[in-house]
Amino acid sequence: MTLGPTFFDRPAEAVAPELIGATLLVDRVGGVLVEVEAYDQADPASHSFKGPTPRNAAMFGPPGHAYVYKIYGIHWCLNFVCQPGSAVLIRALEPLHGIDHMHRRRGSVAERQLCSGPGKLCQALGIDSRQNALPLDAAPFSLTQADAVQDVATGPRIGITKGVDTAWRFVRRGSPFLSRPLA
DNA sequence: AGCTTGATTGCCT
DNA sequence: GGCAATCAAGCTA
């Protein structure tokens with residue numbers, strides 16, 4: 001079943017664990033989500049913490065849309081917008097579809113390193129600012145619910161300096177496709 | 001208009 | 001484990 005606005009119109013920390021095991025495709029390229037992180041407006045680590053700006057406008061737009069931004073001047077990161085000011089950062093997926101396309105964009109790396117990190121995932125799926133604010137239930141996106149209950153583990157989020165103690169990183173336990181093992 | 005920083009990655013030792 | 005790459009948002013002035 002396709003995940004749409006109703007699914008995302010909830011707090012990000014409630015949506016995030018249910019995204020583990022879901023299948024994400026962009027132009028027919030993608031796989032199963034194995035690692036995500038939740039951010040909301042009360043969270044000092046969130047882009048939305050200080051309110052709406054031109055950059056984070058999509059985070060305050062309708063639920064179920066994409067929020068794409070560039071970090072460190074180099075990499076793109078993909079988020080799914082939940083309730084206003086909250087979103088889920090997509091950090092890693094298990095490649096299943098269009099793996100040849102991914103290799104063309106990422107070069108000759110091991111399959112487990114194709115999408116093992118937010119920047120790598122965006123490169124492999126061809127995501128950049130063009131996808132910002134687009135709805136997730138329409139082309140080029142395809143997002144479908146997990147077909148089985150997932151073994152989800154939680155831990156501290158990665159790469160942030162504030163809000164470190166909030167355990168809003170969600171991973172599929174034991175997956176070899178994570179950006180890093182669970183701490 | 002100039003300065004700092006970052007939800008990262010890959011290459012170096 | 002350390003660190004450079006590279007750029008725009010968000011400050012300060």
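All values below were derived from every heavy atom in this structure, side-chain atoms included, with hydrogens, water molecules and symmetry-related copies excluded. The chains referred to below are lettered A, B, ... by the order of the sequence lines, with proteins before strands, and numbering in each begins at 1.
Using a 4.5 Å heavy-atom cutoff, the side chains of A/Asn56 and A/Ser46 are not in contact. When side chains are defined from C-beta on, A/Leu96 does not count as touching A/Thr23, because their heavy atoms never get closer than 4.5 Å. Taking the side chain as every heavy atom from C-beta outward, A/Phe177 and A/Ser116 never approach each other to under 4.5 Å. Between A/His47 and A/Tyr39, every side-chain heavy-atom pair lies at or beyond the 4.5 Å cut-off. Between A/Lys70 and A/Ser129, the closest side-chain pair of non-hydrogen atoms is not below 4.5 Å. Residues A/Trp168 and A/Asp40 are in side-chain contact: their nearest non-hydrogen atoms beyond the backbone lie under 4.5 Å apart.
If you check every strand for non-hydrogen atoms under 4.0 Å, A/Ile160 touches sugar and phosphate atoms only.
Checking each of A/Leu178, A/Val34, A/Val36 against A/Arg172 for a side chain to side chain contact (heavy atoms under 4.5 Å, CB included) leaves exactly one that passes, namely A/Val34. Residue A/Asp43 is tested with A/Lys50, A/Arg157, A/Lys162 for a salt bridge (charged side-chain N to carboxylate O under 4.0 Å, His left out); the sole match is A/Arg157. Remark: of the listed residues A/Asp137, A/Leu136, A/Leu24, A/Leu19, A/Leu19 is the sole one forming a side chain to side chain contact (heavy atoms under 4.5 Å, CB included) with A/Leu3.
Annotation for A/Asp147: atom CG does not count as buried by contact number, only 12 or fewer foreign heavy atoms lying within 6.0 Å.
Remark: the separation of the P atoms in B/dT5 and C/dA13 is 14 Å, to the nearest Å. Taking the P atom of each, C/dC11 and B/dA7 are spaced 14 Å apart, rounded to whole Å. A distance of about 14 Å separates the P atoms of C/dT6 and B/dC12, rounded to the whole Å.
Once you apply a 4.0 Å limit to the heavy atoms of chain A, the touched nucleotides of DNA chain B run 5' to 3' over B/dG6 to B/dG10.
A/Leu125 and A/Ile99 fall within the same hydrophobic cluster, where Ile, Leu, Val, Met, Phe, Trp and Tyr residues are linked whenever their side-chain heavy atoms come under 4.5 Å apart, directly or through other members.
Note on residues 92-149 of chain A: no pairs pass ring pair (Phe, Tyr, Trp, His ring centres under 6.0 Å), not counting sequence neighbours.
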Please tabulate, one pair per line, all N/O donor-acceptor pairs under 3.5 Å involving side-chain atoms of residues 106-113 of chain A, not counting sequence neighbours.
from, atom 1, to, atom 2, distance (Å)
A/Arg106, NE, A/Leu114, O, 3.1
A/Arg106, NH1, A/Gln123, OE1, 3.0
A/Arg106, NH2, A/Gln113, O, 3.0
A/Arg112, NE, A/Pro176, O, 3.4
A/Arg112, NH2, A/Pro176, O, 3.4

Open item on the list: For nucleotides 4-13 of chain C, give me one character per nucleotide, 5' to 3': B if any protein heavy atom sits under 4.0 Å from the base, S if the only such contacts are to the sugar-phosphate, - if neither.
Closed with: -BBB-SSS--
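Pairing analysis of DNA chain B (Watson-Crick: purine N1 to pyrimidine N3 plus N6-O4 or O6-N4; G-U wobble: N1-O2 and O6-N3; both under 3.5 Å) yields stems of 3 or more pairs at B:1-6 with C:7-12, B:8-12 with C:1-5.
DNA chain C lies under 4.0 Å from no heavy atom of any residue of residues 90-124 of chain A.
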